[in-house]
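Chain naming here is simple, since letters A, B, ... match the order of the sequence lines and numbering starts at 1 in each. Heavy-atom basis, side chains included; hydrogens, waters and symmetry copies ignored.
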Amino acid sequence: MICFVTEQASPRISDLARADNGRVQTPDYLSGLNPEQREAVETTEGPVLVLAGAGTGKTRVLTTRLAHILATGRARPWEMLVVTFTNKAAREMRERISHLIGPDAEGLRWLGTFHSVAAQILRRHAELVGLQSSFTILDTDDQERLLKQLLEAANIDTKKHTPKSLAGAIDQWKNRGWTPEKLPPGEDFAEGKGQKLYAAYQNRLRTLNACDFGDLLLHNLTILSQNADIAEEYRRRFKYILVDEYQDTNVAQYLWLRLLTSSSGNVCCVGDDDQSIYGWRGAEVDNILRFERDFPGAKVIRLEQNYRSTAHILGAAGALIAANKERLGKQLWTEDDSGDKVRVRGFWDGDAEARMIAEEIEDARRRGIAYKDIAVLVRASFQMRAFEERFVMLAIPYKVIGGPRFFERAEIRDAHAYIRLIQSEADDLAFERIVNVPKRGVGDTSVSKILHMGRENGVSAMQIVRHLMTSDELPGRTRTPLTNFVRDLDRWRDLLKTGTPHWQVMETVLDESGYTDMQKADKTSGQTRLDNLKELVQSMQQFDTLQSYLEHVSLVMDLERNAEEESSSGSVQIMTLHGAKGLEFPLVFLPGWEEGVFPSQRSIDEKGIKGLEEERRLAYVGVTRAKRDARISFAANRMVYGRWQTQMPSRFVDELPIEHVEPQSDTGYYSPTPAQRPQSRWDDKPFAGSSHDTPGWKRAQASSNKAIYGDTGFGANLHGGNASARNTYAPARKAIVEGKARVIAPAPKPSGDWSRGDRVFHQKFGYGLVTAIEGNKLVVDFEKAGEKKVIDSFVEKS
DNA sequence: AATTCCTCCATTTTT
DNA sequence: TGGAGGAATT
């Protein structure tokens, strides 16, 4: 097990360096590294690509390398450019580094996310792209409202072309480094209006002295590529460049890095092509795949010894990812050959799956595993509810990771809008957000009139309001509240100017504007919101100036993360596979491995083989999160969007090698009467006669399908006679499509088949009598389970 | 301005 | 199925 050389135990690197007249000979911090890790740390000159597999000590290598460069005097802290993707990663790295090198870590000014570093550079040269250095960074909400206005101004149907989809398109364009002028002809939005809209949007941003997240990088590209002297200055400044999660870089980030990398190229990129799961938001795996071409003479170091998981888990994950064609290739290994095989289990339906997972969690708990050490990882968030419901029922503490963020809550945004408008009258988006919050009697009509006039005349909304106060273009009932509004704003601004701390101004504003009262009046969630606002005021106190606070919230939106992580220490974690990246848990449940769900049908439809491979990488990420136990499951039937659907197990299930997997059967998955059940891969003696290279599942599927449909009666009409022909060796793809079309619940079978008083048998509840019929649902009074509502196709007459 | 009614639509998410 | 957002209604 790797223990990070840290804290009190290890001597400070600055001391180490001094100890031997500045010459460091195999200092302690290098001693625990394996040969590859050590090579990655010590190869300081020239381009290096570290291909770090899951759980191979990537973070340790990264921080040690950084410390090593500083300790050996190769660079001063401010000569290092260190970029990460998330604030969390940046924060963790800074913490670790400061343990190693002490106060010197303060000097790491250029350690941060791509966006925060780019923002720093942009502030210094903003005027070169037509901005003032005090520019504000738009959040997605503001962005969408702005785009909506533009779409409406261009007479585009906002139903057909939503602001959101335009925001998405622009985001993708910016990810590729395209300014409006450089937009390729093929790229478009709303029948030829794409480029115009994009240009109009950029203009509008400039007027508002604002930029969006994409601009932080895009403007950097413009500045650096058009000003050779500035680019050269930065290239000289950054003696060493370190990039984490390189597989996640998009084109814009890639170009930006290249502009900052000098020809000597002391650049070290760390990543894992097998964990590239953000292609859909612009990440280019290609960046990592072609590193050696980009940097001739680059050294590629593979970290393959895994310190996280057991051999079975790695074996299963390794075989899975081996099915991908587009990869550089790594073979993870471990010295830990203890532990159980990966369990794979098929269930009759989603309920059974959730029930069993909950039971297994309770069981694990009894064996002494803490809730916080257990995770349920799903492909998409709609799969979470089933588990939440089950966990609530059994009082299993759980935490859903990845809900709405603190700064994205409406009340926080409202508060920010107030303070922004006080700070800068030109902030039309802030104005629009809160002129009538709380209700002041300024309706939508007046607001859009004001905004429109502002845009017509090229002035801010507030200027228009000041003008309207002295004219009679607005009725008195609108004019009075607006006058009061302006008066209030002026008063608050004076407070700020006369040196009242910004957080106190915030408090005053919330109280005097009536916002607090408005929330007090809300019985349902008012209290929560007030609590959030209190927290907001508190967090503002940590900043000296309003400016620095606002900068912080727009770039570092992770206030809640800390609180969340602490409070969740005693809970089972439910999260998406994407959200689980970089984390590890002793026990991991991976439910929902079904064709169409995982791999997601949409990914395959939209991106073909590339999409599928990304899904497979996601599966790989999921399995490798587990330290001791991974439990994969799938359900034959699932309620999706209110309809029962039947699906095949995921092809990924098939790709798991038998030697690392322990299949388990669940009787519910098969025909109700065990005697009629054919032998299959998932039967009591699973994998009987089938080995890794046998397409075992497909064969088994043919027979078990027959069992399901034949015996329970549903589906027989839907499939007609060709059920068996389809299943044999048909490509899985085809099966999915048909599987999707297979709607079970509203079977064409006339519901009149049932009548009150019928005696029926249900797989789970046993025998009972039908007491009512509601369409395809039956209310049955079961002898053992009591009264339940069930879908008719789930029971049979007895 | 508030309420209810209706229709539409359902990955993954960071900055 | 359920929730969100828009339209229609009071």
Considering only side-chain heavy atoms of A:Tyr641, which listed nucleotide, B:dT12, C:dA7, C:dT1, is closest? C:dT1
Would you indicate, yes or no, if B:dA10 has its OP1 or OP2 atom less than 4.0 angstrom from a side-chain nitrogen or oxygen of A:Arg602? no
Where does the angle between the aromatic ring planes of A:His552 and A:Phe543 fall among parallel (under 30°), tilted (30 to 60°) and perpendicular (over 60°)? tilted
Using whole Å, report how far CZ of A:Phe213 lies from P of B:dT13. 17 Å
Determine yes or no for a side-chain-to-main-chain donor-acceptor pair under 3.5 angstrom, with A:Glu614 supplying the side chain and A:Gly279 the backbone. yes
Atom CD1 of A:Ile401 and atom C1' of B:dT12 are separated, to the nearest Å, by 16 Å
Would you indicate what A:Arg617 reaches in the nucleic acid, counting non-hydrogen atoms under 4.0 angstrom: base, sugar-phosphate, or nothing? nothing
Length of the line joining A:Leu218:CG and B:dT15:C1', which is rounded to integer Å: 15 Å
Roughly how far apart, to the nearest Å, are C:dG3 and B:dT12 at atom P? 16 Å
Nearest to the side chain of A:Lys159, heavy atoms from C-beta on, is which of B:dT12, B:dT11, C:dA7? C:dA7
List in numerical order all residues of residues 242-257 of chain A for which some heavy atom is under 4.0 Å away from an atom belonging to DNA chain B. none
Which of these, A:Tyr278, A:Phe114, A:Tyr246, sits in a ring pair (Phe, Tyr, Trp, His ring centres under 6.0 Å) with A:Phe85? A:Phe114
Aromatic ring of A:Phe382 stacked on base six-ring of B:dA10, 5.5 Å, 30°: no
Between atom CD in A:Glu614 and atom P in B:dT11, what is the gap in whole Å? 17 Å
Is there side-chain contact between A:Trp256 and A:Ile121, with heavy atoms separated by less than 4.5 Å? yes
Between B:dT15, B:dT11, C:dA7, which nucleotide has the shortest distance from any of its atoms to the side chain of A:Thr86? B:dT15
A:Trp280 side chain, from C-beta outward: closest of C:dG2, B:dT13, B:dT15: B:dT13
Is there, by distance only and without an angle test, a donor paired with an acceptor across the side chain of A:Ser603 and the base of B:dT11 below 3.5 Å? yes
Length of the CZ-C1' vector between A:Arg643 and C:dG2, whole Å: 14 Å
On DNA chain B, nearest-nucleotide positions of A:Lys439 versus A:Leu216: which is more 5'? A:Lys439
Give the rounded distance in Å between these two atoms: CZ of A:Arg145 and C1' of C:dG5. 16 Å
Between B:dT15, B:dA1, B:dT14, which one does the side chain of A:Arg281 approach most closely? B:dT14
Side chain of A:Arg385 only, heavy atoms from C-beta on: which candidate in B:dT13, C:dG2, B:dT15 is closest? C:dG2
Side-chain (A:Arg379) to main-chain (A:Val597) donor-acceptor, under 3.5 angstrom: no
Do A:Phe85 and the base of B:dT14 stack face to face, with centres under 5.5 Å apart and an angle between planes under 30°? no
Can a side chain N or O of A:Asn87 be found less than 4.0 Å away from OP1 or OP2 on B:dT15? yes
Keeping the roles fixed (side chain from A:Gln172, backbone from A:Trp280), state whether a donor-acceptor pair exists under 3.5 Å. yes
A:Lys607 NZ to B:dT11 P: how many Å, rounded? 16 Å
Could you tell me whether the phosphate oxygens of B:dT15, OP1 or OP2, come under 4.0 Å of any side-chain nitrogen or oxygen in A:Thr140? no
Got a salt bridge between A:Arg602 and A:Glu615, using NZ or NE/NH1/NH2 to carboxylate O under 4.0 Å? no
In terms of side-chain geometry, is the basic nitrogen of A:Asp248 or A:Lys581 positioned less than 4.0 Å from the acidic oxygen of its partner? yes
When rounded to the nearest Å, what value does the distance between P atoms of C:dA4 and B:dT11 take? 13 Å
With a 4.0 Å cutoff (strictly under), does any side-chain N or O of A:Tyr278 reach OP1 or OP2 of B:dT15? no
Atom CZ of A:Arg379 and atom C1' of B:dT13: how far apart are they, to the nearest Å? 11 Å
Assigned glycosidic conformation for B:dT12 [threshold 90° from 0]: anti
Do A:Ser650 and A:Glu594 make a side-chain contact, defined as non-hydrogen atoms from C-beta onward lying under 4.5 Å apart? no
